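Here's the structure, in structure tokens; my notes come after.
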Amino acid sequence: MSAKVLGKEISTWIEEYPQLKEMIDLKEVLWINSNYSDFEEGMKKVSISQEDVLDAQERLNRFAPYIAKVFPETKEDKGIIESKTVKINNMKNKLEEICGKELLGNLLLKCDSHLKVSGSIKARGGIYEVLKHAEDLALENNIITLEDNYEKLDSDEIRKFFSKYSVVVGSTGNLGLSIGIMSAKLGFKVTVHMSADARQWKKDLLRSRGVEVIEYESDYSKAVDEGRKQSELDENSYFVDDENSKNLFLGYSVAASRLDKQLKEMNINIDDNNPLFVYLPCGVGGGPGGVAFGLKLLYKDNVHFFFAEPTHSPCMTIGSMTGQHDKISVQDFGIDNITAADGLAVGRASGFVGKTLENLMSGCYTITDENLYRLLAMMADNENIFLEPSALAGLVGIVKILTSKDGKKYLKDNNLEDKLQNINHIAWATGGSMVPKEIMDDYYNKGIKFIKNKHIEI
Ligand SMILES: *Cc1c(COP(=O)(O)O)cnc(C)c1O
């Protein structure tokens, strides 16, 4: 650890941001964004608009017939890849038992863990970005028109055309899965640069689909750098830039209008009297950022979102708290970025996302790996829903907000104290359905073991 970070002693950083000390000690924290402002004010710095989100939504609609054709599991949803939103009352009771307090309001789970095709939230942004690139190429080369039925992309001739082009990405695993599966299906040559924490089964699965996988001993940032370098050498190569991509962000943002439709079907309307709190597991920030941004456009001041990170990888918390975004990393403070939550194992947050959400994000919190495993086992036992460790991070948001000193202060400052029973809390479950059974059994057994050793404290 270098003694100075951006020219300042770590002790000076801690004086300025006392929670940094707890984070360096790997304690769980809840950080409330003191720059959180109302929607109008928060949007002033933002270059992305509702039109951009609608454009992305229409693009996904154009591709739906193709998706339904090449991924038959999406046929029943007419080629729209979307997950369920479910009430998890048993889990809510369990959380109440753990914290010993009544948790007012409604607790829901957004099951992106069960998104078709790639089994994680990356099936939103990752697949969208590949489709956008494919459409751009196909339009430029007069292979399709916007009015065509895109089913025609499922042809040997068009796959041959795409095979002249390559797609490259750096990933901790799940982004690689979604980019790899989608690109290979269209016919692209595709290379995924995987960080050390990427699971073996994800590499194996990609290789079985004809994807080239390059493995690194080091972490996510290195895998991204190497991917970027390789891609720059070839003019027919397209690099999916997880740290800066507006297209990924837009792909995620489409979730908002679809969630709104689902909530309405459940008789849940988000308005002044019925606010929404959303808790999203965060790695580099694109997934949670895009989803949250879409929700802000839709619900404005009636939605409050928090990002959840492992205590060993709190990059968005540190970047946002200090306002330094991608100029600062967790390693700068001696935090090791080693976590079982592989989807969240990122040491440096996206500057693009951090800046876009600077005044729109309500805050961030951190959670230990042991607690992720405990929650994994509890979710399995109480709801029969199996998630990967990363995907549990959103689940304790409701407890942190309703029961901690800083959480209660946030509710008070936002005049929500008398609406607690009307708040809808959504934990965004970001991955898990593609985890092989033996590995899921291991996760579950670990969770049970941790519960036996010491009960969870939130
Ligand atoms: C990628 C991922 C996230 C977070 O998305 P980012 O865009 O990296 O912030 C959360 N959970 C899972 C399971 C993921 O794969």
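None of these values were measured; they are calculated from a predicted model. One-based numbering, in listed order, for ligands and for the atoms of each. Values below: every heavy atom of this structure, side chains too, minus hydrogens, waters and symmetry copies.
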Distance from [atom] to nearest protein heavy atom, with residue and atom:
atom	value
atom 5 (O) of ligand 1	P288 CD, 3.5 Å
atom 1 (C) of ligand 1	K122 NZ, 1.3 Å
atom 12 (C) of ligand 1	T430 OG1, 3.4 Å
atom 7 (O) of ligand 1	G287 N, 2.7 Å
atom 4 (C) of ligand 1	G283 N, 3.5 Å

For this session: With ring pair (Phe, Tyr, Trp, His ring centres under 6.0 Å) as the test, would you mind laying out the steps for F249 and F352 before giving the verdict?
Result: CA-CA 10 Å; F249 192 82; F352 156 65; 5.2 Å; yes

For this session: Determine whether D406 and I401 make a side-chain contact, defined as any pair of heavy atoms from C-beta on separated by less than 4.5 Å.
Result: no

For this session: For residues M316 and M361, determine if any side-chain heavy atom of one lies less than 4.5 Å from a side-chain heavy atom of the other.
Result: yes

Exercise. So is there a nitrogen or oxygen of S390 less than 3.5 Å from a nitrogen or oxygen in ligand 1?
Worked result: no

Exercise. Based purely on interatomic distance, does P281 place a nitrogen or oxygen under 3.5 Å from a nitrogen or oxygen of ligand 1?
Worked result: no

Which of the ligand 1 atoms, numbered from 1, are nearer than 4.0 Å to a heavy atom of [X]:
X	value
N174	13 (C), 14 (C), 15 (O)
C282	9 (O)
G343	1 (C), 2 (C), 3 (C), 14 (C), 15 (O)

For [Y], is there an ion pair with [X] - N to carboxylate O distance below 4.0 angstrom?
X	Y	value
R124	E82	yes
E28	K400	yes
E226	K229	yes
K94	E97	yes
D342	K202	yes
R228	E243	yes

Exercise. If you measure from each non-hydrogen atom of L344 to ligand 1, which part falls under 4.0 Å: side chain, backbone, both or neither?
Worked result: side chain

Seminar exercise, completed: Going by the 4.0 angstrom heavy-atom rule, the piece of V284 near ligand 1 is both

Exercise. A391 near ligand 1, heavy-atom distance under 4.0 Å?
Worked result: no

